[in-house]
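Taking it in order: structure first as structure tokens, then the write-up.
Not measured: the values here are computed from a predicted model. All heavy atoms count here, side chains included; hydrogens, waters and symmetry mates do not. In what follows, chains carry the letters A, B, and so on, assigned in the order in which the sequence lines appear, proteins first and then strands, with residues in each chain numbered from 1.
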There are 2 protein chains.
Amino acid sequence: MARHKTFDEREALDAAMHEFWLRGYEGTSLQDLETAMGLTRTSIYNAFGNKRELFNRVLEHYQQTVMAALLAELDSGAGLKTGVERMLNRMIDLHFSEETPGGCLVVLSVLEREQHDATSTRALEQTMAAMQKGLQQRIAKAQQTGEIDAGQDARALALSIVNTMAGMMVLGKAGFSKTALRQVARNAVRLLQC
Amino acid sequence: MARHKTFDEREALDAAMHEFWLRGYEGTSLQDLETAMGLTRTSIYNAFGNKRELFNRVLEHYQQTVMAALLAELDSGAGLKTGVERMLNRMIDLHFSEETPGGCLVVLSVLEREQHDATSTRALEQTMAAMQKGLQQRIAKAQQTGEIDAGQDARALALSIVNTMAGMMVLGKAGFSKTALRQVARNAVRLLQC
DNA sequence: GATTTTTTATACCGATCGTTACATATACTC
DNA sequence: GAGTATATGTAACGATCGGTATAAAAAATC
């Protein structure tokens, strides 16, 4: 009977996710991953295949954890504006949290697209497109209930919110303060009320 | 009497700028730079010092060329809203131009801050802070002339514009269309009119 | 033409990269 | 305890990294 793995895959993915999130794909060496995951490279290769496949798993993990938490805030129940506000503020809190590297793994990876193959790039683009479409659907629904002015362009508003999310991650990395990001978030919500 | 350099420094900087803009700092090898600049590494080292110093010169060059062109649009004379609109549209055109890599060198470099030393990081942060302060001053002036509602927070508006600029560069790299980015730009200008 | 100074070219350095080959360890069944 | 299958550990691979040493080329003056 075979030996069982002595590590927790989810914890290992968490650790790898933090490294890629902090340093980017090529900026993260196998040595960095070994240290963070507490595994040797042969164990990493055995469990995940290669660096690229590990990254793709990490991206899924990011969507299922970090991004899912953002969507949970968006759908927290008190209306779209409140949901958007809560989601943007959660992103800000996450950025300034000592438990995460700051910024966004997807945003960083999209900008480092030269380092990624077609599979990773497609996954990244689809992630952002899905966020935009999800926002658009929620805005359209809020227009039906009368919470958002039906005269506004739902797609344009959704694009602006996604744009705000991406921009905030950049400003956060550029050293702008939490107060500054909160002002950006408030202005994004104001756009929904115009 | 000494031999003269046989290359044009400005053209060399342009070429290096395109490489760093496309691939990022560590993603750009000396080999890439040699090919793009048409120089051997000993000439690059002779003229610029080392890779880090070349990058810092490239950043200055980017500010003096690409970013100066954006500011020229901002200050093109027909009022702040028109100026902001022209600047944002110029960024979009630049992103989709076949002559440039797309995205923004400053935004990319800020996100890749793990790859940069304190000098480069400070220069990058100061670049974005200067843009925000420049916008804030122009907004305050437009409030004095009555073009912008004096009740609006100039700093918050400036932050939102800078955020929009950064976000658009990310969305551009994420594969969103020119039409989509134009909608984001329009919404940013609408915020000035609220 | 010789000399000087500087530029450019070529080869090489030590370090690190992602990955693989091979060895060792170990969990589990019989 | 032996055997099997799998996990983990160690060493090494070829390639590439940024940078340096040395050689060759060339512009300009004398």
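Judged by the 6.0 Å distance and 45° axis criteria, Lys51(A) is not positioned over the aromatic ring of Tyr45(A).
The side chain of Gln31(A) has dC17(C) as its nearest neighbour among dG18(D), dC17(C), dT20(C). When distances run from any side-chain atom of Thr40(B) to the nucleotides dT8(C), dT19(C), dG18(D), the shortest one goes to dT8(C). Comparing dT8(C), dC17(D), dT20(D) by their closest approach to the side chain of Tyr45(B) singles out dT20(D).
Whole-Å rounding puts the Glu34(B) CD to dT20(D) C1' distance at 14 Å. Note: CZ (Arg23(A)) to P (dC17(C)) measures 11 Å, nearest angstrom. If you measure from atom CG of Asn46(B) to atom P of dT7(C), you get 5 Å, rounded to the nearest angstrom. A straight line from CZ of Arg52(A) to C1' of dC17(C) spans 15 Å, rounded to a whole angstrom. The distance between atom CG of Leu39(B) and atom P of dA9(C), rounded to the nearest whole Å, is 8 Å. Atom CZ of Phe7(A) is separated from atom P of dT26(C) by 17 Å (rounded to the nearest Å). Between Met37(B) atom CE and dA9(C) atom P there is a gap of 13 Å when expressed in whole angstrom units. The nearest whole Å value for the distance from the CG atom in Leu30(A) to the C1' atom in dG9(D) is 15 Å.
An OP1 or OP2 oxygen of dT7(C) is reached within less than 4.0 angstrom by no side-chain nitrogen or oxygen of Ser43(B). Contact between the side-chain N/O atoms of Thr42(B) and the OP1/OP2 oxygens of dT8(C) is not found at any separation under 4.0 Å.
Between Arg57(B) and Glu9(B) there is a salt bridge, with a side-chain nitrogen of the basic residue lying less than 4.0 Å from a carboxylate oxygen of the acidic one.
Taking only distance into account, the side chain of Arg41(A) never meets the base of dG9(D) through a donor-acceptor pair shorter than 3.5 Å.
Under the 3.5 Å distance criterion, with hydrogens and angles disregarded, a donor-acceptor pair is assigned to the side chains of Arg86(A) and Ser76(A). Under 3.5 Å, the side chains of Gln64(A) and Glu60(A) contain no donor-acceptor pair of N or O atoms.
Each of Tyr62(B), Trp21(B), Phe20(B) was compared with Phe55(B) under the ring pair (Phe, Tyr, Trp, His ring centres under 6.0 Å) criterion, and only Phe20(B) meets it.
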